[in-house]
Amino acid sequence: MSITAIKGMNDILPGTVETWQFLEQKAREVFGTYGFAEIRTPAVEKTELFCRSIGETTDIVEKEMYTFNDKSGNSLTLRPEGTAPVTRSFIQNRLHTLDPVSKLYYMGPMFRYERPQKGRYRQFHQIGAEVIGVEDAKIDAQVLAMLHHYACEIGIDAVELQVNSLGCPECRPGYRKALIGYLEKRLDALCAECQRRYTTNPLRVLDCKATGCKEATVDAPSVLDHLCSGCEIHFGQVKKHLQALAIPFSVNDRMVRGLDYYVRTTFELVTDQLGSQNAVAAGGRYDGLVESLGGPALPGIGFAIGLERLVLMKGKDQVVATRPDLFLAALGEDAAEQAFVLMSKLQRSGVRAEMDYQGKSLKAQMRRANKLNARFTLILGEEELRNGSAELKDMDQSSQCQVALDGLEQELLSRL
RNA sequence: GUGGGUGUAGCUCAGUCGGUAGAGCACUGGAUUGUGGCUCCAGUUGUCGAGGGUUCAAGCCCCUUCAUCCACCCCA
């Protein structure tokens, strides 16, 4: 083996790239109808941006970032997620002065230094959407409706939308206290990992897959019982609006987040088809983030979709490449020369045309036409060329007729 | 960072007790000198992941290493 790609960073080859293009195009269409505009930010940001937004003690910041110093000694980081860069750009470019409500979407590669496995890679791709400037619960429902709409549009149905509320800086500490109090009495029943979590991040214990932990936390206090009145009203409205829009969802009060900036509404689009990775998309509200990064005190909400995970769910080769319209098979060098010029002319008119460049036999050329799944084959023989005609073969019908080269383009277009 | 599985032809994989490297598919040519798919015939393709060790002899046994997949952790 000579030089290979970096571990966890994959090539997307013809045959599967069509699926990617399909998923990206549908996102542009659907998000566009909801009034979202695309934003593109650099793949690299100052390290500080991610430390301050995602949270110093999260796994992402502590051990998963691709961080390095550039030649002038600045600490830079390959973006591990999209919300922080978009927020940074929003503030830097003062987008709130252009419009009190910003609806933005992005798509592109993200980087995390993790051990690769099914549905999890070191360079992975997200399609994300963010709304900055609206606190009303209608926008929560709108964002979820858009995500649901997109999932329907691309034909992903084995998914469930789960929503939760994490409360806000006002009510979350109280809940945390109650949960710690509950876990304290059951520490022995928890797995080793969760005994560690108990001190570092007690909310994560609720998310543990170990059966002992699940049993021990069956009666654990619910975050939803500890919401302050503002958060409770907001969550109630989100649910009401979702019902009004007939968006199917379930409430999962044990859903937690890996990023510190989330408050109030959080949600995930989950599936059981991706091995141990169950989230296809996830997001939530981040009302304090813009201000904490030095911008105006504006609320925000958004989500990110894992593109690789969608591709895995769609399955390979589910989106087929478009077939060539015409394959030109030539007999002899003179015919090949004429075919070459004719092919080029047709391509200029938008006809997907192909030919052989290796002087192969007619049989071999026909085989190739068949392999490429060409709709028609034009056979240019010496005899026919003398009177300006050729044989046009319909590869599906297996029928053929003589056509004049003059009117070939019209003839083709009428048949395609 | 931790644990397990797998590395043999372009692809999917056989390979017995350690004894000269195999099949299917794909590709190329032919049967049909100017007609694809189906069929038949023929042919090409190997650093057996790499390095070392044991042995008369290693794809097979031992050690090391690399890659990859899956899982833990965490997450999209």
Side-chain angles (χ1 to χ4, degrees), chain A residues 1-2 4-8 10 15 54 57-65 79-83 107-129 147 159 191-194 196-197 200-201 204 207-210 255-259 267-271 274-284 302-313 327 329-332 335 356 358 360-385 390-400:
Chain A
M1 242 352 184
S2 44
T4 57
I6 295 168
K7 183 204 289 279
N10 302 310
I54 298 171
T57 61
T58 58
D59 273 31
I60 292 177
V61 170
E62 277 187 343
K63 50 191 190 192
E64 294 175 0
M65 296 206 302
R79 61 180 180 195
E81 60 102 34
T83 300
M107 50 183 74
M110 306 294 162
F111 304 84
R112 288 182 204 171
Y113 191 85
E114 300 178 273
R115 194 75 164 256
Q117 67 187 71
K118 189 183 181 74
R120 222 186 64 182
Y121 309 97
R122 289 185 173 178
Q123 175 176 324
F124 59 103
H125 297 75
Q126 290 186 332
I127 299 179
L147 180 59
V159 289
C191 68
E193 197 58 41
C194 281
R196 183 184 64 78
R197 287 191 186 111
T200 57
N201 192 346
R204 283 233 160 269
D207 207 30
C208 186
K209 291 162 190 162
M255 187 168 70
V256 292
R257 296 276 72 168
L259 291 74
F267 53 89
E268 286 183 5
L269 204 58
V270 300
T271 180
L274 290 176
S276 70
Q277 266 63 243
N278 65 349
V280 179
F303 63 78
I305 304 167
L307 252 181
E308 279 82 357
R309 294 183 181 180
L310 285 186
V311 171
L312 282 172
M313 286 190 73
F327 187 93
L331 288 147
D356 161 69
Q358 296 168 81
K360 297 204 176 199
S361 69
L362 178 62
K363 184 193 194 68
Q365 293 185 67
M366 292 300 294
R367 253 204 286 268
R368 181 156 172 78
N370 186 61
K371 193 193 162 167
L372 293 173
N373 194 26
R375 180 70 185 85
F376 292 98
T377 299
L378 187 71
I379 300 160
L380 296 118
E382 289 165 15
E383 284 174 33
E384 291 94 330
L385 279 178
E391 295 287 327
L392 183 65
K393 180 161 188 173
D394 183 317
M395 298 297 277
D396 294 346
Q397 314 270 313
S398 201
S399 63
Q400 82 182 54

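Since the structure is predicted, the reported quantities are computational estimates derived from the model, not experimental observations. Each chain gets a letter, A, B and so on, in the order the sequences are listed, and its residues count up from 1.
Remark: the separation of the C1' atoms in B:U8 and B:U45 is 13 Å, to the nearest Å. Atom name C1', nucleotides B:A57 and B:A42: the rounded distance is 35 Å, in whole Å. Annotation: B:G53 and B:C60 have their P atoms spaced 14 Å apart (nearest Å). B:C17 sits 38 Å from B:U2 when the C1' atoms are compared, rounded to a whole Å. Remark: the separation of the C1' atoms in B:G29 and B:G15 is 30 Å, to the nearest Å. Atom P of B:U54 sits at a distance of 11 Å from the matching atom of B:A58, rounded to the whole Å. A gap of 23 Å separates the C1' atoms of B:C48 and B:G43, to the nearest Å. Nucleotides B:G52 and B:C13 are separated by 29 Å at their P atoms, to the nearest Å.
At a threshold of 4.0 angstrom between heavy atoms, the contacts of A:Ala281 are confined to the sugar-phosphate backbone, with no base atom among them. At the heavy-atom level, A:Phe376 lies nowhere under 4.0 Å from the strands shown. Across all strands shown, A:Gly128 has no heavy atoms under 4.0 Å from either base or sugar-phosphate atoms. As judged by a 4.0 angstrom heavy-atom cut-off over every strand, A:Leu259 is placed among residues touching the sugar-phosphate backbone only.
A salt bridge links A:Glu268 with A:Arg257: the distance from a Lys NZ or Arg NE/NH1/NH2 to an Asp or Glu carboxylate oxygen falls below 4.0 Å. Under 4.0 Å is where a charged nitrogen must lie from a carboxylate oxygen, and between A:Arg375 and A:Asp396 at least one such pair does.
The shortest heavy-atom contact between A:Gln365 and A:Phe327 is O-CE2, 3.6 Å. In this structure, A:Met313 and A:Leu274 approach most closely via the heavy-atom pair CG-CD2, 4.0 Å. Contact record, A:Ser276 with A:Gln117: OG-NE2, 3.0 Å, taken as the closest heavy-atom pair. The shortest non-hydrogen separation linking A:Pro109 to A:Gln123 is CB-NE2, 3.5 Å. Here the closest heavy-atom approach between residue A:Gly8 and residue A:Pro116 is recorded as CA-CG, 3.8 Å. In terms of heavy-atom proximity, A:Arg122 sits nearest to A:Glu114 at NE-O, 2.7 Å.
At whole-Å resolution of the value, NZ in A:Lys118 and C1' in B:A76 are 15 Å apart. As a whole-Å value, the separation of A:Met255 CE from B:A76 P is 11 Å. When the C1' atom of B:A76 is taken as reference, atom CE of A:Met313 falls 13 Å away, rounded to whole Å. Atom-to-atom, CG of A:Asn10 to P of B:A67 comes out at 14 Å; the value is rounded to the nearest Å. Taking atom CG of residue A:Leu312 and atom C1' of nucleotide B:C70, one finds them 13 Å apart after rounding to whole Å. Put simply, CD on A:Gln117 is 9 Å from C1' on B:C74, counting in whole angstrom units. As a whole-Å value, the separation of A:Leu274 CG from B:C70 P is 11 Å. Taking atom NZ of residue A:Lys7 and atom P of nucleotide B:C66, one finds them 9 Å apart after rounding to whole Å.
A 6.0 Å sphere centred on CD of A:Glu62 holds more than 12 heavy atoms belonging to other residues, nucleotides or ligands. Residue-environment remark: CZ (A:Arg120) exceeds the threshold of 12 foreign heavy atoms within 6.0 Å.
At B:A76, none of the side-chain N or O atoms of A:Gln277 fall inside 4.0 Å of OP1 or OP2 (strictly under the cut-off).
Residues A:Lys63 and A:Arg257 both approach RNA chain B. Their nearest nucleotides, taken by heavy-atom distance, put A:Lys63 toward the 5′ side. Sequence order on RNA chain B of the closest nucleotides to A:Asn278 and A:Gly275 puts A:Gly275 first from the 5' end.
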Contact string for nucleotides 1-7 of chain B, one letter per nucleotide 5' to 3', B = base within protein heavy-atom range under 4.0 Å, S = sugar-phosphate only, - = neither, reads BBB----
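Side-chain contact between A:Glu384 and A:Glu391 is present, with at least one heavy-atom pair separated by less than 4.5 Å. Here the side chains of A:Met366 and A:Leu362 are in contact, with some heavy-atom distance below 4.5 Å. At least one side-chain heavy atom of A:Arg309 sits under 4.5 Å from a side-chain heavy atom of A:Gln277.
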Extract from the structure each pairing of a protein N or O with an N or O of nucleotides 27-36 of chain B at less than 3.5 Å, listing the distance.
residue : atom : partner  : partner atom : Å
B:G34   : N1   : A:Glu384 : OE1          : 3.0
B:G34   : N1   : A:Glu384 : OE2          : 3.3
B:G34   : N2   : A:Glu384 : OE2          : 2.7
B:U35   : O2   : A:Lys393 : NZ           : 3.3
B:U35   : O2   : A:Gln400 : OE1          : 3.3
B:U35   : N3   : A:Gln400 : OE1          : 3.0
B:U35   : N3   : A:Gln400 : NE2          : 3.2
B:U35   : O4   : A:Gln400 : NE2          : 2.9
B:G36   : O2'  : A:Asn370 : ND2          : 3.2
B:G36   : N7   : A:Lys393 : NZ           : 3.1
B:G36   : O6   : A:Ser398 : OG           : 2.6
B:G36   : N1   : A:Met395 : O            : 2.6
B:G36   : N2   : A:Asn370 : OD1          : 3.0
B:G36   : N2   : A:Met395 : O            : 2.9
B:G36   : N3   : A:Asn370 : OD1          : 3.1

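Taking a pair as Watson-Crick or G-U with both hydrogen-bonding distances under 3.5 Å, the stems of three or more pairs touching RNA chain B are B:1-7 with B:66-72, B:10-13 with B:22-25, B:27-31 with B:39-43, B:49-53 with B:61-65.
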